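Taking it in order: structure first as C-alpha cells, then the write-up.
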Amino acid sequence: GEDVEQSLFLSVREGDSSVINCTYTDSSSTYLYWYKQEPGAGLQLLTYIFSNMDMKQDQRLTVLLNKKDKHLSLRIADTQTGDSAIYFCAESPLGGYQKVTFGTGTKLQVIP
Amino acid sequence: ETGVTQTPRHLVMGMTNKKSLKCEQHLGHNAMYWYKQSAKKPLELMFVYNFKEQTENNSVPSRFSPECPNSSHLFLHLHTLQPEDSALYLCASSQDRGGNEKLFFGSGTQLSVL
C-alpha cells in the first residue's frame, strides 16, 4: 500500500525556522496535506497543496513539493512556543476521500 | 468549538466489557470516519461511512463494530477488546467533493484496555 514517512521528532529554538519533511510513495497522489495536533486535541488541517504546484505560502507557513522525488516539506518561519505540536503529512489521490494516507507525525518541540 | 464532538474523552475498560464511543458532527458533512492513533505509528483508517453507508472497512477485527444511524452521528461499539487496542480513537468528517477532501477531526477518545 501507500506509505508516508516522516521523522518522529524535531527540536528548534524559538524564533528560528522549522522545516518538517515528508516522503510518500504513491505517484497518483493529487493532494498533499499538513495537519497539526496539539496535546489533547484532534488533528487540524493547516494547509494543503495540489500536485501541480511546487510551492504554497500562507503567512508563516511555506509548503514545498518536489513531485519527482515525492518529497513534501513544511517550513514554519519565526517558530513560536505555540507551534509545539505533532505535525502530520498526508496524501490522497483524486477522488480519494476514503484513501487519505497519513504519516507517523513529527513532534515539534520549540525551546524558549 | 470544534464541529466534531466525541464522547467520552477517556475510557478505561476491561477485556470483557462492552462500551460504545460516540461521535457527532455539526458541519453538514456527508462522510464520517473512524481512525486509530497509536504512538509512533501512522494514523490507521478503520471505517468510512458516506451518506450512512459503510464504504470502507480496513480489515478491522469484529470486536470493533461501527454504526452510523444518520449522516451526523457515528458510533463505535467495543466488545472483548485486547490490551493492544489501547489507543486514541479519532472521529472525522468531510464533505465528499470528489477531490480535495479536508478532514475535520474530533478531539478523540483515549481508550485504555486493562
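Every chain is numbered from 1, with letters handed out A, B, ... down the list of sequences. Model, not experiment: these values are computed from the prediction. FYI, side chains are in, hydrogens and waters are out, and symmetry mates aren't considered; it's all heavy atoms of this structure.
- Applying the 6.0 Å contact sphere to CE of A:Met53 captures more than 12 heavy atoms from other residues, nucleotides or ligands.
- Linking Ile, Leu, Val, Met, Phe, Trp and Tyr residues whenever their side-chain heavy atoms come within less than 4.5 Å leaves A:Trp34 and A:Leu64 in two separate clusters.
- Using a 4.5 Å cut-off between heavy atoms, A:Gln37 contacts chain B through its side chain alone, with no backbone atom that close.
- Both B:Leu88 and A:Tyr35 are assigned to one and the same hydrophobic cluster, defined by single-linkage of ILVMFWY side chains at heavy-atom distances under 4.5 Å.
- Interface remark: B:Gln110 contributes no atoms to any contact with chain A (heavy atom separation under 4.5 Å).
- Closest non-hydrogen pair, A:Phe88 versus B:Gln37, comes out as CZ-NE2, 3.3 Å.
- With a 4.5 Å cut-off on side-chain heavy atoms, A:Phe102 and B:Leu103 count as touching.
- Interface residue B:Lys40: backbone and side-chain heavy atoms are both found under 4.5 Å from chain A.
- Residue A:Gly40 comes nearest to B:Ser107 through the heavy atom pair O-CB, 4.0 Å, listed as atom of the first residue, atom of the second, then distance.
- Looking at B:Leu43, both its backbone and its side chain come within 4.5 Å of chain A, counting heavy atoms on both sides.
- When hydrophobic clusters are built by joining Ile, Leu, Val, Met, Phe, Trp and Tyr residues whose side-chain heavy atoms come closer than 4.5 Å, directly or via intermediates, B:Tyr89 is grouped together with B:Met15.
- Note: the hydrophobic cluster containing B:Met32 does not contain B:Phe75 (ILVMFWY, side chain heavy atoms under 4.5 Å, direct or indirect links).
- The local environment of CD in B:Glu84 is crowded, with over 12 non-hydrogen atoms from other residues, nucleotides or ligands closer than 6.0 Å.
- For A:Leu43, the parts lying under 4.5 angstrom from a heavy atom of chain B are both the backbone and the side chain.
- Around the NZ atom of A:Lys107, the shell of radius 6.0 Å holds no more than 12 heavy atoms that belong to other residues, nucleotides or ligands.
- One finds the CZ atom of B:Phe104 at 7.0 Å from the CG atom of A:Leu45 (value rounded to the nearest 0.5 Å).
- For A:Gly42 against B:Leu90, the heavy-atom pair with the smallest separation is CA-CD2, 4.0 Å.
- Cluster annotation: A:Leu61 and A:Ile20 are assigned to the same hydrophobic cluster (Ile/Leu/Val/Met/Phe/Trp/Tyr, side-chain heavy-atom contacts under 4.5 Å, transitive).
- Between the OG1 atom of A:Thr47 and the NZ atom of B:Lys102 there is a distance of 9.5 Å, given to the nearest 0.5 Å.
- No other option in B:Cys91, B:Ala92, B:Gly108, B:Pro42 has as many heavy-atom pairs under 4.5 Å with chain A as B:Pro42.
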